[in-house]
Structure formats: structure tokens, C-alpha cells
Amino acid sequence: MKEIIIQILKKSGITLKDSEIEKLIEVPPSSDFGDYSFPCFILSKKEKKSPDKIAEHLTEKIKLPGEIEKVESKGPYLNFFVNKKILAEQIIKINSNFGKSPIGKNKKIVIDFSAPNIGKPMHIGHIRSTILGDSLMRIYSFLGYDSIGVNYLGDIGLHIGKLIVAYELWLDKDALKKNPVQELLRLYVKFCAKEKSKLTEGVEEEFQDNEWTNRAKEKLKLLELGDKNTEKIWHDIRKSSEKGFNKVYEMLNVDFNETVGQSEFSEHGKKIVTNALLKNIARSEKDGAVYVEIDRQKKFILRSNQTASYITYDIGAAVERYKKYNFEKMIYVTDFRQKDHFDKLFKILKLFGYDFSDKLVHLPFGTIRFGKEIIATRTGDIILLEDVLKKTIEKAEKEIRKRKTKGDAEKVGVGAVKYVVLKSSPSADVQFSWEQALNFEGDSGPYIQYSYARASSIIKKAGKFNKSKIKILNLTPAENNLVKKISMFPEIVINSEQSLNPGLIANYSFELAQIFNEFYHTCPVIGDKSEAFRLLLVDAFRTTIKNSLYLLGIEVAEEM
RNA sequence: GCCCUGGUAGCUCAGCCUGGAUAGAGCAUUAGCCUUCUAAGCUAAGGGUCGCAGGUUCAAAUCCUGUCCGGGGCGCCA
């Protein structure tokens, strides 16, 4: 539609380039002002006439094609009114592919997301990476990309050593079988409590020298040396943890193409570091620690005891993944606190001669706050993700019972949680509260699902109808708005991919649902003289809302 | 100290990239609407120095500089 307006303006003798015109065209604040507008300030400067006069003059000069109903000058603005009948004809023809695009054809995107730590339960803090990453996967696939989701499990580190110590001392086998997540958490919390009294304040964990921390370090060393018994416990812990993770992933309907432990890249990483050392790109300290200079600062990439550190694994993992997938882009979805880490990782890879480092992107997201509490696994002070989901599903059940309908409580509850997480832009912190998560009214997932269910109900009640008899009468304002909003969906999807922000789709879905509800309120469908057209419009709405919620990982229900 | 973030209605946020018309939603508050396709809905009202101060511009919540307040990161934790 924009294209058409650019052509009209060009024909009217404007001395601006296409791209300049496109930049200037905007959507007016109110639909009373039209659908698109063109401000004349720049022309006013060029032609040294008042912008109001230029706008007025242009209205007289312009010749309108069928797609544009009328053009009006209002002050310094030239306002275009789109012929909604023509737009409506296009909209009622959309199918389930609406919004899809081939722009990603033959391109691979790897998305690294979720990445929980083995031995710790998934809590409200993990929800963001998981849901954001999953939504990005869906968006990329929708746009034709081959998207590959990788779950990079934190299966190594001092917390593992602690857990192994606790496992040997206090494990309750039956409890582990019954509820692996709870039992592992109990072990971890117990260890931390024991350790706490011995900790020296102000000293980093790594350099703590006390009975408990030392035992954990020892276990970690044994694990690295390949001690059979320790390895067995480690495997047990991973297996039990994964059971817990999978339960949550199932509830969330999140899949990965690959689940891999961080520790598997230890050797790859070390080899790359050794090579860099040989080529003199990296240097070593007297005590054997290896570093590179990044931004005039030393960044250590191998510890003095020759074991890998976080970044060593990530170097190995990135290189291996590029070999495996030859991706167009790889996105790491993690907490914003790791921004520096990833910036440095990318620079190090570049320094080492891996040009694919330009294809790496870090998508940082803000903290989830729950009231004023700080979430701490070590004290067991956490809100389990599983509990959040269960609680919202319960609330959905209650609502459904109240209404005596046939809704799907799981879809509604999970949708509510996902929506809360996705609607704010990734960079912002999210204030999580039960009040908000359990609110199913207004700007919420259930509100959107509800509007879909209402639409479905109309379609169901109408039964079969004759599609060939469609006659589009003059559209009411509510119909106009709905047609216009639906037509914007494809653009929104592309914007949200480019800005890596599913929140745009979330906002759009809500606005679309709002507009539909207004339509629902003012335009009766069944029995109306525009029944056939309205049925098709309602169906187009269903398709659009279904697609946009799908991109957020939220399912629709025909009834609720 | 250096770097990264955020500050918009009582609360939660959108708008900022790419400057334009009266700064938008939701929650909460108040007042209406269920003999008509699901009231998880709709309509209306009140509520704003867009942290503060400069600058650029015909035009600044939006761009630039400074400043205050909150959060975070800063040589071998993940």
C-alpha cells in the first residue's frame, strides 16, 4: 500500500527520492486523519512555501488510483484514505500461511537458549531464556529459516562438586525417584547451609579455603580425572535433572534440536587455546594461566591448573557448532549480566581468525523480579517454574468451572505465563507478581485466547454458508479497523525478527484482539445482511490471531 | 574509577532504533451495558513537569551533552 502512495506522490511532481518519501510516510495518530500521511515540512523548506499551502496544492494535483479512496490536506499533512473494500477483498482471502515469507530460505539460524544448570531446579529466572528462545525459533521458522535450537546444559562447575559431596553424604534414594527436582534441591541447600558458616567473607568462591568448599573442589577434580565412581554420580545427577527439565519443557511445549553438556567442549576449547598460544596470539603467565588481551585488558582463557573455564568451553562450543551447522547467524539468549562475557567471546574468536564470529549475536534480557525478593537457589528461596505453571493452570480451571464451558485449562494457564514474559521488550526487567500472572483480564494471554474462542463460536454457530455470494457493502468503522489491523500482521512479524523482539507480536495480538472485541460488540454477524462477508472477516481474524499466538508459543482453543 | 542498562499515570508497561498532529494501553478507582453470535467482554470518566538541566531542529518522550536516582558488569565463578 505504501508503494502505491509513493508512486502517487512521485507523479505529482515531488522532487524527492523514493526512499526519502518512504521514510516520511507515517501512520496518523487517529484513523479520522486517514490511513497514511505525508508531512510537508521538508518540501516547505525546499520550495520556501508554507507546508499548509503545499499540502493543499498537492491535494488538487494528485490523481487517485482505485486503491486510494480520497486524499485530504489537514494543516501541513497530506492524508490518504485507503479504499477498504479493496483491502477487505484481499483480507478475506488469506489462509493459514498468512504472514509467512520465504526470506529465510536456505539459511540456518542457531539459537542457544534455556541452558539450565544441572542439579538446580528451573525457577522463575529461567523462564525468560526458555520462552524467548522458543518464540524466536518459531518466528525464524515462520519466515522460512531453518532454525536449530540448542540447549547448552551447565553440567560442570563448582556447584556440581558441591552436589556430588551432598549426594554421597545425604541422598535419599526414594525421594530422588519420587521427585528428583526436590531432592536435588534439598541436597544443594543442605550443602550450602553447612558451607555457609565456614565461608570467609569477601573472598571469591574459587579461593575459599575451608573444609566444605575444598571437598567440593576435590570432587570436581576427581570428575575431571575421570574417576569412575564420581562420574557415575554425575551421570545420575544429570539424568535426574533432565527428568525435571523435560517435565517443564513438556508443559511449556518447548523443543530443542540438540541438548548438549557444556563439559563436552572442554577438549575442543583447550586445543584452540593451545593453538593460539603456539601462534603467539595468546600468552601465558608464569603460573601457567593463559590469557589474551582484549580492550587492553587481560582475559583469562585457561586456568593456572590447566582446566577450562567458562569461556574456554564457549570457544570450543562455538567453533564446533559452526563446523556442524554452517549457520547464517547464531543467537545466544541469556541474562544481560553476561553481556561482557559474550562481547569478549566474539572478540576472542575474531582474534583467533574465526571470521564467523561476525555471525554471532548476544540477545541479553533483563531480570525477572518477584516483589523485592531476590531469588537465591543456595538458600532454597525460589519460585519453581513448575509451581508457577501449576498455579496458573489451577486458576484457569476455576474460571472454566465458573463458566461451565469446555476450555482447556492448560492452554490458558501456560498462555497466561508466556504472555506476561513476552510482552515486555527483552532488554527491560520484568516485574513478576502473582497478581499479574493470575490476571486473565485486559492485557493478558487469556484475553486474546478468549477473543479467538468468541470468533470460533460464531463460525461454529453459522455452519456452512455460500462463499460465492459475497458482496462487500460499505464498511462500518469497526470493520474498517479490523481489516486494517489484520493487514498489518506480515510487517509486524518481520519487524519482530529484525529487532529480535517477540514483544512486538505480543502487543500486536492484544491490539488485534481489542479491535475484534469492539467489532464483536458493534457488528452482529449471524442474520446480518453482511453475514457472509463478516463470517469471512471473522475467520480471517481467527487465522491471524492463531498465527501470531503460535509465534509466541501460545495455543488457541476453540472454546473457553 | 571505567563500561553497560533502566527512569513515561497510584501500579505494570508500550512508544525511543527511523524526531512530526491532542503522549497510548492494561490493572486499580468511579459510572453505565447481559431477552441478541461466550460479560475472561464493551462504553465512559478521573489520573502525566515523559527523572532534571542545557543543546540541535520549523518540530524533541524520541537525537546530542551534562547531571541525579535505581539495577548490573569490571584480569583464571558460570
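Within every chain, numbering begins at 1; the chains are lettered A, B, ... in the order of the sequence lines, protein sequences first and strands thereafter. Since we're looking at a predicted model, the values are computed, not measured.
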Please give, in whole Å, the distance from [N] [atom2] to [X] [atom1]?
X       : N      : atom1 : atom2 : answer
L438(A) : C27(B) : CG    : C1'   : 14 Å
Y419(A) : C27(B) : OH    : C1'   : 13 Å
K460(A) : C37(B) : NZ    : P     : 14 Å
W434(A) : U12(B) : CH2   : P     : 18 Å
L504(A) : A25(B) : CG    : P     : 19 Å
I459(A) : U38(B) : CD1   : C1'   : 15 Å
E511(A) : C13(B) : CD    : P     : 18 Å
L422(A) : C13(B) : CG    : P     : 15 Å

Separation of the [atom1] atoms in [N] and [M], to the nearest angstrom:
N      : M      : atom1 : result
C17(B) : G75(B) : C1'   : 34 Å
C74(B) : U67(B) : P     : 24 Å
G48(B) : G32(B) : C1'   : 26 Å
G55(B) : C3(B)  : C1'   : 25 Å
A23(B) : G66(B) : P     : 30 Å
A14(B) : C27(B) : C1'   : 15 Å
U12(B) : G7(B)  : C1'   : 14 Å
A9(B)  : G15(B) : C1'   : 15 Å

So, [X] and [Y], do they make that salt bridge, N to O below 4.0 Å?
X       : Y       : answer
R238(A) : E242(A) : yes
K411(A) : E558(A) : no
K395(A) : E399(A) : yes

Do [X] and [Y] have side-chain N/O donor and acceptor atoms under 3.5 Å apart?
X       : Y       : result
S456(A) : E559(A) : no
N517(A) : S451(A) : no
Y419(A) : Q449(A) : no
N305(A) : T307(A) : yes
Y452(A) : R542(A) : yes

Q. Of L24(A), L78(A), L16(A), which meets side-chain contact (heavy atoms from CB on, under 4.5 Å) against L9(A)?
A.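 Single pass found, and it is L78(A).
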So [X], base contact, sugar-phosphate only, or nothing? Heavy-atom distance under 4.0 Å.
X       : result
C523(A) : base
P28(A)  : base
N79(A)  : base

Q. Quick check, are the ring centers of F510(A) and Y447(A) under 6.0 angstrom apart?
A.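 Between Y447(A) and F510(A), which both carry aromatic rings, the centre distance is below 6.0 Å.
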Q: Determine, for F365(A) and R128(A), whether the Lys NZ or Arg CZ falls below 6.0 Å from the six-membered ring centre while staying within 45 degrees of the axis.
A: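 Checked: cation-pi criterion not met.
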Q: Scan nucleotides 70-78 of chain B nucleotide by nucleotide, 5' to 3', and note B when protein non-hydrogen atoms come under 4.0 Å of the base, S if they reach only the sugar-phosphate, - if neither.
A: -SSSSBBSB
Q) Nucleotide by nucleotide, 5' to 3', does protein get under 4.0 Å of the base (B), only the sugar-phosphate (S), or neither (-) in nucleotides 39-48 of chain B, counting heavy atoms? A) SBSSS-----
Q: Note every stem involving RNA chain B: at least three consecutive Watson-Crick or G-U wobble pairs, i with j then i+1 with j-1, with both distances under 3.5 Å.
A: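 RNA chain B forms these stems: B:1-7 with B:68-74, B:10-13 with B:24-27, B:29-33 with B:41-45, B:51-55 with B:63-67.
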Q: Take N439(A) and S425(A), find for each the nucleotide of RNA chain B with the closest heavy atom, and name the residue whose nucleotide sits nearer the 5' end.
A: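 Taking each residue's closest nucleotide, the earlier one in sequence belongs to S425(A).
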(Q) Here's a test of your reading of the structure: between S424(A) and S444(A), which maps to the more 5' nucleotide of RNA chain B? (A)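 Whichever sits nearer the 5' end wins; that is S424(A).
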Q | V421(A) side chain reached by V430(A) side chain, heavy atoms, under 4.5 Å | A |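 Contact flag for V430(A)/V421(A) side chains = no.
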Q. Heavy atoms, side chains only, cut-off 4.5 Å: are F336(A) and T367(A) in contact?
A.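 A side-chain contact under 4.5 Å exists here.
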Q. When syn is taken as a glycosidic angle within 90 degrees of 0, is G75(B) syn or anti?
A.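 Syn, since the glycosidic angle lies within 90° of 0.
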Q: Would you classify C13(B) as syn or anti? Syn applies when the glycosidic angle is within 90° of 0.
A: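 C13(B): anti.
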Side chain of [X]: nearest nucleotide among [options]?
X       : options                : value
Q431(A) : C37(B), U12(B), A21(B) : U12(B)
S37(A)  : C37(B), A21(B), U22(B) : A21(B)
S427(A) : A14(B), C4(B), G6(B)   : G6(B)

Q) Parallel, tilted or perpendicular for F342(A) and F346(A), by the 30°/60° rule? A)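 Rings of F342(A) and F346(A): tilted, 30 to 60°.
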